Amino acid sequence: MLIKKNKIGWVIVVVLSLLPVWLWYLAPTSIPRFLDAQNTLANLGQLAGLIGASMFALNLVLAARFSFLEKYFNGLNRMYDWHRWFGQIAFMLLLIHPLLLLPKYTFGSAVFAARFLLPLNSTAQNFGWWSLFLMTILIILTLYLRPKYNIWKLTHKFFGLAFLLGGIHVFLIPNDTYIDLPLRVYMLSLVAIGLAAFAYRSLFSAWLVKKYDYTVAAVRELNNQIIEVTIMPRGAVMKYEPGQFIFVSFKNKFLDSEIHPFSITSASDNHNITINIKKLGDYTSYLDKLQVGDIAEIEGPFGIFDYKRGIYQKQIWLAGGIGITPFLSMARSLSADDGYKIDLYYCVQNESELVYLSELQKMSPYLTVIPYISSQQGYITADTIQELSGSLDQTSIYVCAPLGMIDSLTKQLRLKGVSSHFIHSEEFNLD
Ligand SMILES: Cc1cc2nc3c(=O)[nH]c(=O)nc-3n(C[C@H](O)[C@H](O)[C@H](O)COP(=O)(O)OP(=O)(O)OC[C@H]3O[C@@H](n4cnc5c(N)ncnc54)[C@H](O)[C@@H]3O)c2cc1C
């Protein structure tokens, strides 16, 4: 089975993480690797360490948000999904790494075992210990305690330190990586790549990550929940495709300078960029304090949620709440002679949320808007979509909505025989 280009990213990560096993296998050894149970376990432990360290290094690359990698992972959201999976797998491997080494190096002695599992050994071993200790704390914090986003983000930066300590351990410890040149060069390259990716995103991003300078040109409150902000370039213009998003940081005394992701809602031929933001939390609730002339620093564009990537021109767009935003850019970028035939389901809880309805309705006949109000009609289902839009054959479907709605509709559509290749989704969550 051929793997599509947009899904090949995870395969590459797995292959590159497993490559040290092959190099290890080729490396000369004086004692047969699987001589007895102790040697077997110790060798498996070494392999767990090598695979875990390689995956950790590549995971730092995924976390560095390189936009050129998005197309191999089906978008940034999916790339971050893989990042979460690989992070957990790497951690498990690194955790079992010392445990598998125990029988060989502790000779069945509880005292030796306790010593081995504490930072009371050689410098090389201690680097590994501190790396694993730090990683354990960070994993518990990230996955189980789930602090507020800004604290979560700050603690994530310490993964770089855990990796650095682990990387030093890999090179100091007297095992195959120490002796065998190909394995050493390979691991050194991966560690260097991982550290460079980490430094790019977390240490020197202010200088290395390309940003565009914009300035706020207009701020409009659409209803008491949604703010529309238009920004215009102060220098270089960022080009984008409909449906893409940016990370933006505003300079305003009421707002912290943290970057937040927002979908672009303006047409892609527009030099100015418009974003529409729902007031939801600590940051977004203060965006109405923005003033014309405030500076906006943007990074992007990101995302591959673009109707032009769909195979079919007959399309169904499913927007849940503020999930309408990428569709606004798509709709505004379309024209009658593009040949598309689109049904846009504009799903909201209450009628007052249909703020873009009249604008979108003017795009008929190539775009038909179907407002759907859940407080009156219940949740939209695939049956309803089929009833109103007809056959779902040869139709590309786009969903941008809360995760629950995406999951439920995707399942229902799949049960109706729609292939996952024709369902494209975007969720407003990256953590
Ligand atoms: C690809 C993408 C596109 C988006 N497009 C839009 C849009 O067009 N309009 C819109 O209103 N919202 C959009 N969002 C959601 C928006 O980014 C969050 O609602 C906003 O960052 C929440 O900030 P807050 O501090 O006000 O909310 P909080 O209540 O503090 O946070 C709510 C959640 O938002 C996420 N979040 C918070 N801060 C950040 C951050 N700095 N970076 C990333 N995620 C964060 C976390 O998951 C957090 O749990 C989009 C999100 C993504 C990932």
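Note that this is a predicted model, so its numbers are computed, not measured. For ligands, and for the atoms within them, numbers begin at 1 and follow the listed sequence.
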Got the closest protein heavy atom to [atom], with its distance?
{"atom": "atom 49 (O) of ligand 1", "answer": "Asp431 OD2, 3.9 Å"}
{"atom": "atom 8 (O) of ligand 1", "answer": "Thr325 OG1, 2.9 Å"}
{"atom": "atom 18 (C) of ligand 1", "answer": "Phe262 CE2, 4.7 Å"}
{"atom": "atom 6 (C) of ligand 1", "answer": "Phe428 CE1, 3.4 Å"}
{"atom": "atom 5 (N) of ligand 1", "answer": "Ser263 N, 3.0 Å"}
{"atom": "atom 9 (N) of ligand 1", "answer": "Asn276 O, 2.9 Å"}
{"atom": "atom 30 (O) of ligand 1", "answer": "Asp282 N, 3.9 Å"}

Any protein heavy atom under 4.0 Å from [atom]?
{"atom": "atom 34 (O) of ligand 1", "answer": "no"}
{"atom": "atom 37 (C) of ligand 1", "answer": "yes"}
{"atom": "atom 45 (C) of ligand 1", "answer": "yes"}
{"atom": "atom 11 (O) of ligand 1", "answer": "yes"}

Measuring from atom [atom1] of [X] to atom [atom2] of [Y], what distance do you get when rounded to the nearest 0.5 angstrom?
{"X": "Leu318", "Y": "Tyr372", "atom1": "CG", "atom2": "OH", "answer": "11.5 Å"}
{"X": "Ile275", "Y": "Ile246", "atom1": "CD1", "atom2": "CD1", "answer": "5.0 Å"}
{"X": "Gln315", "Y": "Met330", "atom1": "CD", "atom2": "CE", "answer": "8.0 Å"}
{"X": "Phe56", "Y": "Phe86", "atom1": "CZ", "atom2": "CZ", "answer": "14.5 Å"}
{"X": "Met363", "Y": "Ile342", "atom1": "CE", "atom2": "CD1", "answer": "10.0 Å"}

[X] N/O under 3.5 Å from ligand 1 N/O:
{"X": "Lys278", "value": "yes"}
{"X": "Pro261", "value": "yes"}
{"X": "Gly281", "value": "yes"}
{"X": "Ser285", "value": "no"}
{"X": "Glu427", "value": "no"}

If you measure from each non-hydrogen atom of [X] to ligand 1, which part falls under 4.0 Å: side chain, backbone, both or neither?
{"X": "Thr284", "value": "both"}
{"X": "Tyr149", "value": "side chain"}
{"X": "Ile277", "value": "both"}
{"X": "Thr265", "value": "neither"}
{"X": "Phe245", "value": "side chain"}

Salt bridge present between Glu241 and Arg309 (N-O < 4.0 angstrom):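 Arg309 and Glu241: not salt-bridged.
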Relative to the heavy atoms of [X], which atoms of ligand 1 are at a distance of less than 4.0 Å?
{"X": "Tyr283", "value": "24 (P), 25 (O), 26 (O)"}
{"X": "Asn429", "value": "47 (O), 53 (C)"}
{"X": "Leu280", "value": "19 (O)"}
{"X": "Ile322", "value": "9 (N), 10 (C), 11 (O)"}

Member of Thr284, Leu287, Asp294 meeting the side-chain contact (heavy atoms from CB on, under 4.5 Å) criterion with Leu255: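 The residue from Thr284, Leu287, Asp294 that satisfies side-chain contact (heavy atoms from CB on, under 4.5 Å) with Leu255 turns out to be Leu287.
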Worked check of salt bridge (Lys or Arg N to Asp or Glu O under 4.0 Å) between Lys314 and Asp393: CA-CA 9 Å; Lys314 183 183 168 220; Asp393 287 348; over 6 Å; no
Going by atom types alone, do [X] and [Y] pair a side-chain donor with an acceptor below 3.5 Å?
{"X": "Ser389", "Y": "Tyr345", "result": "yes"}
{"X": "Ser266", "Y": "Tyr240", "result": "yes"}
{"X": "Ser335", "Y": "Asp337", "result": "yes"}
{"X": "Gln291", "Y": "Asn252", "result": "no"}
{"X": "Asn276", "Y": "Glu228", "result": "yes"}

Heavy-atom nearest option to atom 22 (C) of ligand 1, drawn from Gln244, Glu426, His260: His260
Within the 6.0 Å centroid threshold, strictly below: Tyr286 and Phe254: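 Ring centroids of Tyr286 and Phe254 are no less than 6.0 Å from each other.
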Among Arg65, Lys211, Lys210, the one residue meeting salt bridge (charged side-chain N to carboxylate O under 4.0 Å, His left out) with Glu299: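 Exactly one pass, corresponding to Arg65.
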Test item, Ile259 contacting ligand 1 (heavy atom, 4.0 angstrom):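 Contact check Ile259 vs ligand 1: positive.
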Chi angles and distances behind the side chain to side chain donor-acceptor pair (under 3.5 Å) call for Lys251, Ser249: CA-CA 7 Å; Lys251 307 279 172 264; Ser249 158; 3.2 Å; yes
